[in-house]
Student: 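The structure under discussion is supplied below as structure tokens; questions concerning it will follow.
These numbers were taken from a predicted model, which means no experiment stands behind them. We name chains A, B, ... by the order of the sequence lines, and we start the count at 1 in each one.
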Amino acid sequence: MSFIIKGETGDWETVIGLEVHAQVVSKSKLFSAAPTTFGAEPNTQVSFVDAGMPGMLPVINDVCVEYAVRTGLGLKARINNRSVFARKNYFYADLPQGYQISQFELPIVGEGTLILDMPDGESREVGIERLHLEQDAGKSIHDLHPDKTFIDLNRCGVALMEIVSKPDMRSPDEAGAYLRKLRSIVRYLETCDGNMDEGSMRCDANVSVRPVGSDELRTRCEIKNVNSVRFVMQAIEHEARRHVDVYEAGGDIAQETRLYDTSKSETRPMRSKEFAHDYRYFPDPDLLPLEFDDAYVEEIRSTLPELPDDKKERFMADYSLSAYDAGVLVVEKETAAYFEDVASGRDAKVVANWVISNLFGALNKKGLSISDSPVSALNLGKLIDLISDETISGRIAKEVFEVMVDEGKDPDAIVEEKGLRQITDTGPIEDAIVKVMEESPGKVEEYRGGKDKLIGWFVGQVMKQTGGKANPGMVNDLLRKKLAE
Amino acid sequence: MTDLISLDLAGAREGLNNGDFSAVELTQAHIKAMGAHRDLNTFITETPDLAIERAKEADHNRQQDQAGDLEGIPLGIKDLFCTEGVLTTAASHILDGFTPPYESTVTAKLKEAGAIFLGKTNLDEFAMGSSNESSHYGPVHNPWKANGDPRVLVPGGSSGGSAAAVAAHLCLGATGTDTGGSIRQPASFCGVVGMKPTYGRCSRWGIVAFSSSLDQAGPMTRTVRDAAILLNAMAGHDPKDSTSADASVPDFEAALTGDVKGLRIGIPAEYRPDGLNSEIATLWGKGVSWLKDAGAEIVEITLPHTKYALPTYYIVAPAEASSNLARYDGVRFGLRVEGESLDDMYSKTRAAGFGDEVKRRVLIGTYALSAGYYDAYYLKAQKVRQLIYQDFISAFDSVDAILTPTTPSPAFPIGEKSDDPVSMYLNDVFTVPASLAGLPGISVPAGLSGDGLPLGLQVLTKRWDEETVFRVAGVLEEAAAFPGLPLTGEG
């Protein structure tokens, strides 16, 4: 799926690299014992370490190390048995220490890969440059007072994994697919909850353009802190078009940090003061290098769940699903598990179809996740059984499904209550056929005169007569017989 | 009560154990001495009421047979250690009114052992200095004066308040911190014992940070035995300090065997530069013969990278300091000078809050870490630091301890070097190499200059071998029979 910007001077290709900050789901912070609960009263989850009090020292939280390694393994990345924490120095009111403890030259995780599942079922590989651990800063709140800024340090010191991709993406769609896939992987691994709206996954996008066919890397701009997949995609598109416009007008792109204004759909430069830092990185002398052996890594590897790529392959192999269907079903492991529950002992393709076309649609409409689905896997299975044992038709099944979505009931009960059981006695069906034929002698004539296509019309009429409950196959057979008499 | 303040720590411990006097009496005697010597400016904050209260508890504990190792022993605490509920200043204007809600690990351990804190001792601002003249609270006066010279001398630094208070018998011992010599150099200038343990031996948690990879707490006392006793109470692994070593703490007092027979003592050629003060050279020679007479083997050694130690230190320490001091921004505690904007408030607060020496080091450190200079300065300094460490490692293949002078000169008058930072920095030329290498070291008062000023000798060993440091120091102390400051009663 190519994304080519047609300019006046020629075609342009976009080069995209993403930096994602994923908040580690640890109970306490990266270097202090303060809790990390989201949404607590301001400044209630702050230790003396987080507040940068004199003489306080950081102590690494082992859980965060484990989760970073776990995430690295999920990204098929090289794990560095020795990494170093460094201080990134800058002054800001929500950064009490005056530096952020991060990793610079030696990150805990090195190069890896991530596979994008594109909507057309195609796959693309994107390189991971590195993953490192770092502290989050606090929050500055500028809009509570006309000339004061309020500071909330609850978030200060919370562990983040900064996951940096290589500049391997070429379209906003790929960037979107990257973020969705990354979110899927960290959720499988349970190392980050992936909620972009709560800020537990944030994205900076590096964007540049070049003429199609060129392999140069032109000056990039970094778009900071975009908080949804959709906005990241929009921001990239706008930024790429801006670059093309600048180049085609004979101008040059300056390397800078920009913000995406969602209300105006444009990017604009941050004030230079907001980013013009020499961070003076140096190894944090309060912390020893982070070292562990291969056995530690292997122990973590042994606890990894089946990840989306493997699951997708298994679904294609075991259930004969298309790449697209399998890809959609494995995005969330809860969905995949739901599917497998229903598919067990049933026709997997039928089940996949029900889950993707019907269940997803219904959940989307109600804004629910699979874990809150009013239709349980057990009940969806029963519904599919009712179709396959011909208790109800596919059409009736859709009606029953709607009731299930609204009321969460067992499909057997719905069929009984509403009397939707399929009519499979020949008697009532024949009665209905006779009635239809008597009411429309002209159509019978036409059919018998060779207009075979009219069979569909007759089937429809008979179904109408029976309130849709007649077994369509039987209606078909009996009709043909009667009409042929 | 003069007799009570004439006791050393071990003697006071014995007197308390024997019931010769109470902790309250002992504490009162020291409070009185502290009050009588305010002219020395050794304490920034005195806490006599807390001390008496604590002394009563100590007496009670002793009656109940629950006395800790330092039960009832009055100490001075360098005002770089955070003390819960007691003003902690680091001798800086920028920490105005800062009363920590927490207690540093080292002082907590001392309290746990039953020690009594008389107050917080003066120091160079943020421990940056070798003369105590950079304190926002004014310079400390060395209780010693040169014969026939009325000029007031510096006590050395940065732990100058602790050294002077111990020398003047205002407390039985004090805590210090040593980054490049801040325990050993003032100990030498004031004629007391100053011990810097191996980096990682004492927790840094709750000590206002100057240079994290160098800072180390240690004891300052009038005898080597007292230093061993005090260090035993201060040392130990602390999970709250990642650089604190998970190593068992030996009984340092038991290491004072008085026997150095067969011990190999290294004498590094590089510590005898051209133009070394002849009195210092002579004293060093005496130290060598004392140890030789006691049966030690003297070995000439070489530490070839010694000359790079001082410049290396003045990159590493300011670099770390520039980052460690970023937290003093006027936002959450201490001094704030309001400004037009956040940046303006930072600038005004830090301009008003930091003294010249601190500003100088923050600027040097910021420069050394800046883009384009990092490799040439900080990275290079780290490499040289490694070479200096290797020098010592190689030397310790052939020797058990190293003997050097502590300082290149005796104490100098206040104001003499305050306009010349480089000559001030040269004070630490003999102490800095061991700091960079993380080695334990001690300064033992070993004699008097021709003018009657104290001079110290330094003993260094490999990491974690404080026992040998104490053992050698004990023999030197015995041989030197250093007179100590004559007690004048009313000062």
Side-chain angles (χ1 to χ4, degrees), chain A residues 31-33 43 46-62 84-101 104-105 138 140 142 147-151 153 156 271 273-274 276-291, chain B residues 80-82 88 90 92 95 98 100-102 104-105 126 200 203-209 211-215 238-244 316 319-320 322-334 341-343 345-347 350 365-374 378-379 382:
Chain A
F31 296 112
S32 85
N43 296 312
V46 187
S47 76
F48 294 136
V49 177
D50 308 324
M53 300 297 277
M56 293 298 97
L57 297 171
V59 176
I60 186 76
N61 178 345
D62 293 340
V84 171
F85 285 103
R87 292 186 186 176
K88 179 181 181 179
N89 295 282
Y90 65 96
F91 283 94
Y92 205 62
D94 57 23
L95 188 75
Q97 297 173 125
Y99 54 84
Q100 175 195 34
I101 305 177
F104 187 53
E105 282 179 343
S140 293
H142 300 289
D147 49 43
K148 284 188 179 10
T149 293
F150 290 86
I151 304 292
L153 296 179
C156 189
R271 286 181 296 124
K273 274 171 94 174
E274 291 176 86
H277 292 298
D278 174 355
Y279 290 120
R280 290 173 283 119
Y281 281 100
F282 74 107
D284 192 329
D286 285 333
L287 292 160
L288 301 173
L290 181 58
E291 292 177 304
Chain B
L80 201 64
F81 292 80
C82 290
T88 298
S92 180
L95 273 168
F98 175 61
Y102 45 87
S104 84
T105 298
F126 281 104
S203 169
R204 292 185 297 113
W205 193 87
I207 300 173
V208 173
S211 176
S212 311
S213 73
L214 294 159
D215 296 345
D238 179 5
K240 290 187 288 188
D241 173 3
S242 308
T243 62
S244 124
V316 174
E320 293 181 8
S322 71
S323 176
N324 282 335
L325 267 57
R327 65 188 58 200
Y328 306 101
D329 57 8
V331 174
R332 299 168 312 288
F333 47 78
S341 64
L342 183 64
D343 285 346
M345 188 274 279
Y346 286 154
S347 305
R350 289 166 67 86
T366 303
Y367 184 86
L369 291 175
S370 295
Y373 299 100
Y374 179 88
Y378 185 79
L379 205 58
Q382 290 295 3

Student: Side chain of A/D278, backbone of B/S370: donor and acceptor closer than 3.5 Å?
Tutor: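 No, A/D278 side chain to B/S370 backbone: no donor-acceptor pair under 3.5 Å.
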
Student: Top residue by heavy-atom pair count (under 4.5 Å) with chain A, among B/V331, B/V208, B/T366?
Tutor: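 Of the options given, most contacts go to B/T366.
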
Student: Considering only heavy atoms, which portion of B/A90 lies under 4.5 Å from any heavy atom of chain A: side chain, backbone, both, or neither?
Tutor: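 Contact with chain A is absent: no heavy atom of B/A90 under 4.5 Å.
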
Student: Give the ring-plane orientation class for B/Y102 versus A/F48, where under 30° counts as parallel, over 60° as perpendicular and anything between as tilted.
Tutor: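 Plane angle between 30° and 60°, so tilted.
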
Student: Distance check, rounded to the nearest 0.5 Å: A/R280 atom CZ versus B/S322 atom OG?
Tutor: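 Nearest 0.5 Å value for the CZ-OG distance: 5.5 Å.
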
Student: What part of B/P100 is in contact with chain A, defined as an atom under 4.5 angstrom from a non-hydrogen atom: side chain, backbone, both or neither?
Tutor: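 Neither the backbone nor the side chain of B/P100 comes within 4.5 Å of chain A.
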
Student: Under a 4.5 Å heavy-atom cut-off, does chain A meet the side chain of B/S104, its backbone, both or neither?
Tutor: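 Neither part.
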
Student: Could you tell me the separation between the CG atom of A/L153 and the CZ atom of B/R332, rounded to the nearest 0.5 Å?
Tutor: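 Output value for this atom pair is 7.5 Å.
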
Student: A/D286 versus chain B, heavy atoms under 4.5 Å apart: side chain, backbone, both or neither?
Tutor: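 Both backbone and side chain of A/D286 come within 4.5 Å of chain B.
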
Student: What's the spacing between B/C82 SG and A/M56 CE if we round to 0.5 Å?
Tutor: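 One finds 6.0 Å between SG of B/C82 and CE of A/M56.
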
Student: Pick one of side chain, backbone, both or neither for B/N324, based on which atoms fall under 4.5 Å of a heavy atom in chain A.
Tutor: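 The answer is both parts of B/N324.
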
Student: By a 4.5 Å heavy-atom criterion (distance strictly below it), what part of A/F91 contacts chain B: side chain, backbone, both, or neither?
Tutor: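 A/F91 touches chain B through backbone and side-chain heavy atoms alike.
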
Student: Is it the side chain or the backbone of A/Y92 that comes within 4.5 Å of chain B heavy atoms, both, or neither?
Tutor: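 Looking at A/Y92, backbone and side chain both touch chain B.
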
Student: Side chain, backbone, both or neither: which part of B/Y373 has an atom under 4.5 Å from a heavy atom of chain A?
Tutor: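 No part of it gets close to chain A.
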
Student: Using only atom types and a distance under 3.5 Å, with no angle test, would you say the side chain of B/S242 pairs donor to acceptor with the backbone of A/I60?
Tutor: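 It does not hold such a pair.
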
Student: Quick check: does any side chain N or O of B/Y346 sit under 3.5 Å from a backbone N or O of A/A93, one acting as donor and the other as acceptor?
Tutor: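 Indeed, once roles are kept as given, a pair shorter than 3.5 Å links the two residues.
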
Student: Checking B/I207 against chain A: side chain, backbone, both or neither under 4.5 Å from a heavy atom?
Tutor: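 Looking at B/I207, just its backbone touches chain A.
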
Student: Looking only at the side chains, is there a donor atom on one of B/R327 and A/Y99 sitting less than 3.5 Å from an acceptor on the other?
Tutor: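 There is such a pair between these side chains.
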
Student: Using side-chain contact (heavy atoms from CB on, under 4.5 Å), reason through A/L288 and B/T243 one step at a time and then give a plain yes or no.
Tutor: CA-CA 7 Å; A/L288 301 173; B/T243 62; 4.3 Å; yes

Student: Can you check whether A/G55's main-chain N or O pairs, donor with acceptor, with B/R204's side chain at less than 3.5 Å?
Tutor: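 Not confirmed, B/R204 side chain does not pair with A/G55 backbone.
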
Student: Within the structure provided, determine whether B/F98 and A/M53 are in side-chain contact (heavy-atom separation under 4.5 Å).
Tutor: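 Side chain of B/F98 against side chain of A/M53, heavy atoms only: contact under 4.5 Å found.
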
Student: Do you know which of A/A51, A/P285, A/G52, A/P54 has the most heavy-atom pairs under 4.5 Å to chain B?
Tutor: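 Counting heavy-atom pairs under 4.5 Å, the top option is A/P54.
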
